[in-house]
2 protein chains.
Amino acid sequence: MIDLALQSEELSRIEKQLHQAGLKLTPQRRATVKTLLRLHESHLSAEELFAKVKEAEPDIGLATVYRTLEVLAELRIVNRVSFEDGITRYDLRTEDSGHFHHHLLCQVCGRVEEIHEDLLLDVEQKVEQDYGFKVADHRLTFLGICAKCRAKQHLQ
Amino acid sequence: MIDLALQSEELSRIEKQLHQAGLKLTPQRRATVKTLLRLHESHLSAEELFAKVKEAEPDIGLATVYRTLEVLAELRIVNRVSFEDGITRYDLRTEDSGHFHHHLLCQVCGRVEEIHEDLLLDVEQKVEQDYGFKVADHRLTFLGICAKCRAKQHLQ
DNA sequence: GTAGTTGCAAATTTTTTGCACCATC
DNA sequence: GATGGTGCAAAAAATTTGCAACTAC
């Protein structure tokens, strides 16, 4: 969740990006982006997002949500991510955190935490040096047990 | 690709793991595992794997391949991985490389390279210390441009 | 003979596409 | 009046499930 002032700032940033690509921020796209901003960090699937957007924009079609997500992914406004369940989820790329974030997937409770610190600077440098691979982005998920579930386990 | 002696060694290791779980290494499962061993590092989808396995075992059904992969994933013999295309792929977890490997996905040619060196030991330690998250496994993919494609680009 | 396994077809779920219509500059 | 965008329904992919038949201890 981010506050409303920041949300509308992000929204106009995104509008600008769309315009630069010759695309429009239609009411449907606006509603979709606003929902993504509001439910930031929820890692919604297209269906889940559709259900949420429909609350604000009841006439929107599922296909539009898919098409919007495709556009946003192309403009690198959202990232496609998928965890172990085979479902594609969408993750807003917020400007503040320097573009990168990592995920902590708890195998007990299933929740996904985000880390907004970039832990891979050294590793990326090594990959570039040792493998000649020019890194543009990354996806990093740790699977394990979150602090809460560990605490619960210790109580038992 | 790994050599044949190693392949049959891995195969009997996997058979043992199945037996310990009260499951059988049927001809269909054997053919599936052998194909995975043979095409190691190909990151096949279920459909692709099915097509390959069918060459050795023409009567096998697609559902069996899906069910076999589910079993193998549960026993942690394979990992489910997915890159940006929304398709679930399967990756054999070989014993030799200490269980971990990372991926380099080239955004120009689309190929996936593997890194068999564990680059995350320090990072995992930090995650455990700073976030209280007990790491059991990870998924790491770098997106960027591979050495070959970079070389080609420089020639132009 | 019991427990695990299979192939097939049908069902489900996820995602994409075709198309006629709408909005806007 | 082009161009981009939309909703709807149909289609296509990807995956799962039900079930009767099979296999091996």
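Treat the numbers as computed from the prediction; the structure is a model and nothing was measured.
For the residue pair T68(A) / T32(A), no side-chain donor-acceptor distance below 3.5 Å is found, with atom types taken as modelled. Judged by distance alone, the side chains of E47(A) and Y66(A) never bring a donor and an acceptor atom under 3.5 Å apart.
Between H43(B) and F83(B), the distance from one ring center to the other falls under 6.0 angstrom. Checked against the 6.0 Å centroid criterion, the rings of H102(B) and H116(B) do not qualify as a close aromatic pair.
Residue R30(A) contributes atom CZ, which lies 14 Å from atom P of dG5(D) at whole-angstrom precision. Atom CZ of R29(A) and atom C1' of dG4(D) are 8 Å apart (whole Å). In this structure, L44(B) places its CG atom 14 Å from P of dA14(D), rounding to the nearest Å. Straight-line distance from the CG atom of L69(B) to the P atom of dA14(D): 14 Å, rounded to whole Å.
Under a 3.5 Å cut-off, the side chain of T64(B) and the backbone N or O of I60(B) do not form any donor-acceptor pair. Remark: side-chain polar atoms of E57(A) are not paired, donor with acceptor, to backbone N or O of K54(A) under 3.5 angstrom. When atom types are taken as modelled, the side chain of R150(A) and the backbone of G132(B) share a donor-acceptor pair closer than 3.5 angstrom.
Rounded to 10 degrees, the angle separating the terminal axes of the helix from dG1(C)-dC25(D) to dC25(C)-dG1(D) is 20°, with each axis obtained from five end pairs.
Atom-to-atom distance recorded for F142(B):CZ and I115(B):CD1 is 6.5 Å, nearest 0.5 angstrom.
If you walk DNA chain C from 5' to 3' and mark each nucleotide with an atom closer than 4.0 Å to a heavy atom of chain A, the marks span dT14(C) to dG18(C).
Paired with D91(B) under the rule side-chain hydrogen bond (donor to acceptor under 3.5 Å, both in side chains), one option of H103(B), R139(B), R80(B) passes, and it is H103(B).
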### Task
Do nucleotides 15-25 of chain D as a string where each nucleotide becomes B, S or -: B if the base has a protein heavy atom under 4.0 Å, S if just the sugar-phosphate does, - if no protein is that close.
BBBB-------
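Put simply, the side chain of H138(B) does not reach to within 4.5 Å of the side chain of T141(A), judged on heavy atoms.
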